[in-house]
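I have placed the structure first, in the form of structure tokens, so that the comments after it can refer back to it.
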Amino acid sequence: MRTIMHVDVNSAFLSWQAVYNLQKGDKVDLRQIPSVVGGSQADRHGIVLAKSTPAKKYGINTGEVLWQARQKCPDLVVVPPDYELYIKCSDALAEILKEHSPLIQRFSIDEAFLDYSGMSENFGPPVPYAYALKEKIKKTLGFTVNIGIGPNKLLAKIAGDLKKPDMVHTLLNQKEMAEKMWPLPVQDLFMVGRASKKKLNDIAVYTIGDLAKCEPEILKYKLKSHGILIWQYANGLEESPVHEGYNLIMKGIGNSTTIRFDVIDRKTAYKVLLSLTESVAYRLRRVQAVCGVVSVSIRTSELNMYSHQRKLFNRTDVTNEIYKNVVELFNEGWQGEPIRHLGVRVTDFSSSEFTQFSIFDTKDIVKKQALDSAIDRIRNRYGNSIIKRAVLADDQFHAMTGGMGADEYPVMSTIL
DNA sequence: TCTGGGGTCCTAGGACCC
DNA sequence: TCTGGGGTCCTAGGACCC
């Protein structure tokens with residue numbers, strides 16, 4: 001029997017921001033007052049990214065638009081996000097976890113699994129160990145975590161969610177599952193979202209227990225293969241290993257952005273797309289991969305979203321090659337509506353080490369690759385903005401658009 | 001004054017081949 | 001010349017995660 005722990009930072013962005021502000025000398029602890037971390041409304045990024053416990057009492061939810069949150073709580077304190085800080089905090093947490101187990105898996109910026117199997121002999125039973133770990137994190141880093149313990153990753157994760165903050169929970173066996181997990185509303189189960197909840201409620205399945213006792217055939221009819229998956233989860237069945245999931249398993253890289261204003265002309269759209277492509281291609285090269293598929297997504301001012309993708313004849317990691325396809329895809333796809341949001345994504349990777357080029361333009365490609373790698377080196381050394389495309393020189397948009405710090409812990413949505 | 005941005009996986013339908 | 005059928009590849013869209 002394995003023993004897995006799931007470590008989850010309580011209100012991660014908000015806690016980290018609170019700790020940082022206190023260190024800076026602020027007198028108020030954001031965690032003690034109604035506060036949220038939220039984007040800039042002027043830039044049309046105005047949603048709640050994380051909330052304090054007092055803010056939660058006003059009914060404020062993550063993902064909610066800021067003006068709505070302010071209506072619920074007029075005195076709400078809103079602080080902007082600082083992603084670099086969060087990545088540092090996440091790394092600091094990972095360092096502590098690595099001291100406590102040879103095998104950890106970073107699952108998202110604020111979550112990790114720790115394999116405690118076979119460690120009891122030397123380090124004692126898991127529950128006291130988890131309490132000690134939790135206290136150590138609080139003492140050294142200043143923020144609290146929840147730790148869930150179970151025989152697999154799924155039960156460890158659900159246990160960690162039971163009651164927050166600053167707690168340790170177990171879901172170790174059938175009895176604990178029946179007592180603690182089965183009474184929960186079905187949408188609390190990992191992989192049951194809005195659409196599944198509705199379909200399940202239609203057949204009178206309201207709790208995780210209801211789902212567990214369901215006939216799998218009925219679920220398969222209603223929810224296809226997903227029905228079988230969540231039935232297994234409801235019964236605590238899940239066996240994936242804790243693995244150090246790094247770059248090798250990245251399936252795609254994408255960046256997207258909501259633009260400060262609606263874009264109505266091609267030329268402006270091209271600038272945004274170029275800036276996005278710069279980030280995507282840079283990240284692609286950083287994981288030493290070439291891509292075989294490029295895709296462009298468009299969200300209109302009416303919030304309709306559509307995308308257009310294409311398989312390439314030759315895989316590439318060259319910024320200009322990817323951009324050429326991005327522009328063509330945009331031109332084929334765009335229906336002419338005002339554009340709120342644009343995205344560029346690459347998928348279908350293979351290793352760039354052994355890439356075959358078409359016999360036609362090898363020389364040209366080699367030259368372009370040399371240029372890209374020179375630019376990458378300069379940017380690594382002096383910062384991303386040090387080199388900028390001439391078409392972006394008017395400073396309407398950045399040299400590169402999109403986050404680049406989370407390559408190491410992609411969230412695995414189905415295979416925990 | 002109007003809802004972010006980063007991912008993975010699954011499914012359906014059409015094109016194409018045999 | 002006609003309405004069979006299996007298989008693969010490609011693309012678009014939806015559902016889910018944090």
Side-chain angles (χ1 to χ4, degrees), chain A residues 6 8-9 11-13 36-50 61-71 80-81 83 86-87 90 106-112 154 157 161 187 189-199 220 223-230 233 245 249-262 276 279-280 283 292-312 329 332-333 338 340-349 401-416:
Chain A
H6 178 258
D8 186 350
V9 180
S11 316
F13 288 5
V36 298
V37 174
S40 139
Q41 278 172 286
D43 290 349
R44 311 205 293 184
H45 292 219
I47 64 159
V48 174
L49 297 164
N61 295 311
T62 305
E64 182 171 13
V65 276
L66 276 180
W67 60 265
Q68 229 167 47
R70 282 206 176 87
Q71 274 181 351
Y83 294 102
Y86 307 155
I87 287 165
S90 177
R106 296 178 74 171
F107 187 62
S108 72
I109 194 162
D110 68 337
E111 284 175 71
L154 177 86
K157 182 165 165 59
D161 267 338
Q187 64 269 26
L189 185 65
F190 184 69
M191 291 305 291
V192 176
R194 225 179 45 206
S196 300
K197 181 200 173 213
K198 190 170 177 304
K199 286 178 194 164
K220 192 172 181 187
L223 294 130
K224 306 284 162 63
S225 65
H226 193 66
I228 301 299
L229 180 81
I230 59 178
Y233 284 1
I249 57 163
M250 290 277 286
K251 297 282 168 51
I253 290 175
N255 283 112
S256 62
T257 187
T258 294
I259 305 130
R260 287 189 295 272
F261 51 89
D262 285 346
L276 289 165
S279 313
V280 169
R283 293 171 61 201
V293 172
V294 176
S295 112
V296 169
S297 63
I298 298 170
R299 176 151 43 211
T300 69
S301 58
E302 316 232 275
L303 301 175
N304 295 317
M305 172 87 108
Y306 55 91
S307 65
H308 192 36
Q309 70 177 59
R310 166 193 287 183
K311 191 166 167 54
L312 307 179
L329 285 164
E332 286 169 16
R340 178 186 179 85
H341 169 113
L342 284 168
V344 171
R345 170 161 211 86
V346 292
T347 47
D348 191 18
F349 293 170
T401 296
M404 277 164 271
D407 287 348
E408 288 181 2
Y409 29 83
V411 177
M412 310 302 290
S413 52
T414 340
I415 307 154
L416 272 173

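What you see is a predicted model; the values in this text were computed from it and never measured. Every chain is numbered from 1 and lettered A, B, ... according to where its sequence line falls, protein lines coming before strand lines.
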Describe the nucleic acid contact of [X] in one word from base, sugar-phosphate, nothing, applying a heavy-atom distance below 4.0 Å.
| X | answer |
| --- | --- |
| A:V192 | sugar-phosphate |
| A:S301 | nothing |
| A:E111 | sugar-phosphate |
| A:G343 | nothing |
| A:K198 | nothing |
| A:G39 | nothing |

side-chain contact (heavy atoms from CB on, under 4.5 Å) with [X]: which residues, sequence neighbours excluded?
| X | answer |
| --- | --- |
| A:K311 | A:V293, A:D348 |
| A:A12 | A:V9, A:W16, A:D110 |
| A:L189 | A:I158, A:V192, A:I208, A:L211, A:I230, A:Y233, A:A234 |

Nearest listed nucleotide, side chain of [X], among [options]:
| X | options | answer |
| --- | --- | --- |
| A:I47 | B:dC2, B:dG4, C:dC18 | B:dG4 |
| A:H308 | B:dG6, C:dT11, B:dG4 | C:dT11 |
| A:W67 | C:dA15, C:dC17, B:dT3 | B:dT3 |
| A:A195 | C:dT11, C:dC18, C:dC16 | C:dC16 |

Measuring to OP1 and OP2 of [N], would you say a side-chain N or O of [X] lies under 4.0 angstrom away?
| X | N | value |
| --- | --- | --- |
| A:R340 | B:dG4 | yes |
| A:T258 | B:dG5 | yes |
| A:R299 | B:dG4 | yes |
| A:K251 | B:dC9 | yes |
| A:H45 | B:dT3 | no |
| A:N255 | B:dG6 | yes |
| A:K224 | C:dA15 | no |
| A:S225 | B:dC9 | no |
| A:S108 | B:dG6 | no |
| A:R70 | B:dC2 | no |
| A:H341 | B:dG5 | yes |
| A:T62 | C:dC18 | no |

Notebook entry, point to check: Can you find a pair of side-chain heavy atoms, one from A:L66 and one from A:V36, that are under 4.5 Å apart?
Noted result: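 When only atoms from C-beta onward are counted, A:V36 and A:L66 do touch, with a gap below 4.5 Å.
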Notebook entry, point to check: Considering only heavy atoms from C-beta outward, does the side chain of A:V48 approach that of A:N61 to under 4.5 Å?
Noted result: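 Heavy-atom side-chain distance check fails, nothing below 4.5 Å.
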Margin query: On DNA chain B, compare the nucleotides closest to A:G254 and A:L303; which residue's is nearer the 5' end?
Written below: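 Here A:L303 is the residue nearer the 5' end.
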Give the rounded distance in Å between these two atoms: [atom1] of [X] and [atom2] of [N].
| X | N | atom1 | atom2 | answer |
| --- | --- | --- | --- | --- |
| A:I109 | C:dC18 | CD1 | P | 14 Å |
| A:I298 | C:dA12 | CD1 | C1' | 13 Å |
| A:N304 | C:dA12 | CG | C1' | 15 Å |
| A:Y83 | B:dG4 | OH | P | 11 Å |
| A:D262 | B:dC2 | CG | P | 10 Å |
| A:M191 | B:dC9 | CE | P | 10 Å |
| A:M305 | B:dG5 | CE | C1' | 10 Å |
| A:R345 | B:dC9 | CZ | P | 11 Å |

Margin query: Let me check I have this right: for DNA chain C, each base becomes ., (, ), [, ] or |, based on Watson-Crick or G-U pairs with both distances under 3.5 Å. What is the full string?
Written below: ....||||||||||||||
Check: Among pairs that include at least one residue of residues 296-307 of chain A, which meet salt bridge (Lys or Arg N to Asp or Glu O under 4.0 Å), considering only residues two or more places apart or in two chains?
Finding: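 Listed by first then second residue: nothing to list.
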Margin query: Give me the distance, rounded to whole Å, that separates B:dT3 from C:dC18 when you measure between the P atoms they each carry.
Written below: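 It works out to 23 Å between them.
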Margin query: I'd like to check the salt bridge (Lys or Arg N to Asp or Glu O under 4.0 Å) partners of A:K197; sequence neighbours left out, ordered by chain and number.
Written below: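 So A:K197 forms no salt bridge (Lys or Arg N to Asp or Glu O under 4.0 Å) with any residue.
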Next item on the list: To the nearest 0.5 angstrom, please state how far the OH atom of A:Y83 sits from the OG atom of A:S90.
Entry: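 The OH atom of A:Y83 sits 14.0 Å away from the OG atom of A:S90.
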Checklist line | Reported CZ-to-CG distance for the pair A:R340 and A:L303, which is rounded to 0.5 angstrom | finding: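 Rounded to the nearest 0.5 Å, the CZ-CG separation comes to 5.5 Å.
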Note to self: Minimum heavy-atom separation for A:H6 and A:E111, please, with both atom names.
What the structure shows: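 Reported closest heavy-atom pair: NE2-OE1, 2.6 Å.
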